[in-house]
Amino acid sequence: MEKLILLGHSDGGVSTVMENAFQIFGCQVFDIIKNIDRPDCIFLSHLFKTTHFFDYEYSFDPERDFPVQFGVHHGNVKYLLYQHFKKNYQINREQYISLIHHTADFAPTASSEEGLLMEPLSLVSSMAKLGFGVTLKRGASVGHHAVLEDFATLNPGAVLAGFVTIGEGSEIGVGAIVSNNVKIGKRCLIGAGSVVTKDIPDGMIAYGNPCRVVRENERWSKISISN
């Protein structure tokens, strides 16, 4: 891969995606596209050539058709970035590349849409289905026949048992465990270390052992949802 375009930027998101792209494809050149005015990401490494641009000054060249990925991790920010770049620059799902680390395990009968990020030692089991823009961080595990909808995020060490459903944009905290057949609604946030044994409705923050609903998830409450 000659170059990867990262849409949006955070220090953690950009550095993680760049290192995965380097380890998987040998990619060392990255254009980082900012849609808001915030400081550039700083890298103390000779491995990468990075250039920051504002979206309005960047030329998305249809003749070169470089692949893109998100430079952030949180599902709500990914959702906003996807809508922004689709509306203003006609960047559709087909242009997003998936990054699956060589130490990750993706079952032959599992499936995923574009824009997947699987960090080292993450796992997707038999017959699981992953939507667009899903992130599985270090050591996260997806059980058999699980369904992760678009923009879902599993933080490091999170474990999903079999037949679990994670709704669009929901985020599962570090080390959380979700039991068999549980459905977590859209746009939820499950706290670190939680043990989820019952369904969680849409748009909630929930945590604890056993996991209980605490309040509305403010990250999504002011976002206008569209297809």
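Nothing here was measured: the structure is a model prediction, and the numbers come from that model.
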Minimum heavy-atom separation for Leu4 to Gln69, with atom names? CD1-N, 4.1 Å
Atom pair CG (Leu7) and CD (Gln95), whose distance is rounded to the nearest 0.5 Å: 9.0 Å
Could you state whether Leu130 and Phe151 fall into the same hydrophobic cluster, counting links through intermediate Ile, Leu, Val, Met, Phe, Trp or Tyr residues with side-chain heavy atoms under 4.5 angstrom apart? no
So, for Pro39 and His9, which heavy atoms are closest and what is the spacing to 0.1 Å? O-NE2, 3.3 Å
hydrophobic_cluster_shared for Phe70 and Leu80, side chain cutoff 4.5 Å: yes
Check: Lys198 and Pro210 side chains under 4.5 Å, non-hydrogen atoms: no
Check Asp199, Ile166, Leu189 against Ile184 for a side chain to side chain contact (heavy atoms under 4.5 Å, CB included) and give me the one that passes. Ile166
With sequence neighbours left out, the residues meeting ring-ring contact (aromatic ring centres under 6.0 Å, His included) with His145 are Phe163
Identify the two heavy atoms, one from Tyr82 and one from Ile91, that lie closest to each other, and give their separation to 0.1 Å. CE1-O, 4.2 Å
Minimal heavy-atom distance between Pro120 and Asn20, with the atoms involved, is CD-OD1, 4.0 Å
Would you mind telling me which of Asn76, Asn155, Thr153 makes a side-chain hydrogen bond (donor to acceptor under 3.5 Å, both in side chains) with Glu171? Asn155
Taking distance alone, no hydrogens or angles, what donor-acceptor pairs closer than 3.5 Å link side-chain atoms of residues 26-37 to residues at least two apart or in another chain?
{"unit_1": "Gln28", "atom_1": "NE2", "unit_2": "Leu47", "atom_2": "O", "d": "2.8"}
{"unit_1": "Asp31", "atom_1": "OD2", "unit_2": "Lys3", "atom_2": "NZ", "d": "3.0"}
{"unit_1": "Asp31", "atom_1": "OD2", "unit_2": "Tyr58", "atom_2": "OH", "d": "2.6"}
{"unit_1": "Lys34", "atom_1": "NZ", "unit_2": "Arg38", "atom_2": "O", "d": "2.9"}
{"unit_1": "Lys34", "atom_1": "NZ", "unit_2": "Asp40", "atom_2": "OD1", "d": "2.7"}

Considering residues at least two apart in sequence or located in another chain, which fulfil the salt bridge (Lys or Arg N to Asp or Glu O under 4.0 Å) criterion with Arg215? Glu218
Once rounded to the nearest 0.5 Å, what's the spacing between atom OG1 of Thr135 and atom NE2 of His74? 10.0 Å
Working to the nearest 0.5 angstrom, can you tell me the gap between Met204 CE and Arg187 CZ? 10.0 Å
So if you build clusters from Ile, Leu, Val, Met, Phe, Trp, Tyr with side-chain heavy-atom gaps below 4.5 Å, do Val214 and Val195 land together? no
Taking Glu119 for its side chain and Lys137 for its backbone only, find out whether a donor-acceptor pair lies under 3.5 Å. no
Can a donor-acceptor pair be found, under 3.5 Å and without considering hydrogens, that links the side chain of Ser194 to the backbone of Ile190? no
Could you tell me the separation between the CG atom of Asn209 and the SG atom of Cys211, rounded to the nearest 0.5 Å? 9.0 Å
Partners passing side chain to side chain contact (heavy atoms under 4.5 Å, CB included) against Ser10 (at least two apart in sequence or in another chain): Val72
Between the side chains of His102 and Gln23, is a donor N or O closer than 3.5 angstrom to an acceptor N or O? no
Is Arg219 atom CZ crowded by more than 12 heavy atoms from other residues, nucleotides or ligands, each under 6.0 Å away? yes
For Tyr89, the ring-ring contact (aromatic ring centres under 6.0 Å, His included) test, sequence neighbours excluded, returns Phe60, Phe85
Is a donor from one side chain sitting under 3.5 angstrom from an acceptor on the other, for Thr109 and Ser126? yes
Hydrophobic clusters here meaning ILVMFWY residues chained together by side-chain heavy-atom distances under 4.5 Å, can you tell me if Leu116 and Phe25 are in one? no
Roughly how far apart are Ile200 CD1 and Arg212 CZ, rounded to 0.5 Å? 10.5 Å
Looking at every heavy atom in both Gly8 and Val14, which two are closest together, and how far apart are they? O-CG2, 4.2 Å
For a side chain to side chain contact (heavy atoms under 4.5 Å, CB included) check, start with the C-alpha distance between Phe106 and Ser112, then their side-chain angles and the critical distance, and finish with the verdict. CA-CA 10 Å; Phe106 193 91; Ser112 172; 3.9 Å; yes
Audit row: Leu148, Leu160, side chain to side chain contact (heavy atoms under 4.5 Å, CB included) steps and yes/no: CA-CA 10 Å; Leu148 278 68; Leu160 308 184; 3.6 Å; yes
Work out which heavy atom in Asn217 is nearest to a heavy atom in Cys188; give both atom names and the distance. ND2-C, 3.7 Å
Look at the side-chain heavy atoms of Ile, Leu, Val, Met, Phe, Trp and Tyr, link any pair under 4.5 Å apart, and say whether Val159 and Val196 land in one connected group. no
Within a strict 4.5 Å, meaning less than it, do heavy atoms of the Leu99 and Val17 side chains meet? yes
In sequence, state the C-alpha distance, the side-chain angles, and the governing distance for Tyr207 and Ile205, and then conclude on side chain to side chain contact (heavy atoms under 4.5 Å, CB included). CA-CA 7 Å; Tyr207 55 80; Ile205 292 176; 4.2 Å; yes
Going by the side-chain hydrogen bond (donor to acceptor under 3.5 Å, both in side chains) test, name the single residue among Lys78, Lys186, Arg93 that passes it with Asp150. Arg93
So, does Ser125 use its side chain to make a donor-acceptor pair with the main chain of Val142 at under 3.5 Å? yes
Hits for ring-ring contact (aromatic ring centres under 6.0 Å, His included) against Phe22, two or more places apart or cross-chain, chain-then-number order -> Phe48
Is Glu57 reaching over with its side chain to a backbone N or O of Phe54, donor-acceptor style, under 3.5 angstrom? yes
Mind checking whether Leu117 and His101 have side chains closer than 4.5 Å, heavy atoms only? no
Main-chain N/O of Glu168 paired to Glu149 side chain as donor or acceptor, under 3.5 Å: yes
In this structure, CG of Asp11 is separated from OG1 of Thr16 (nearest 0.5 Å) by 10.0 Å
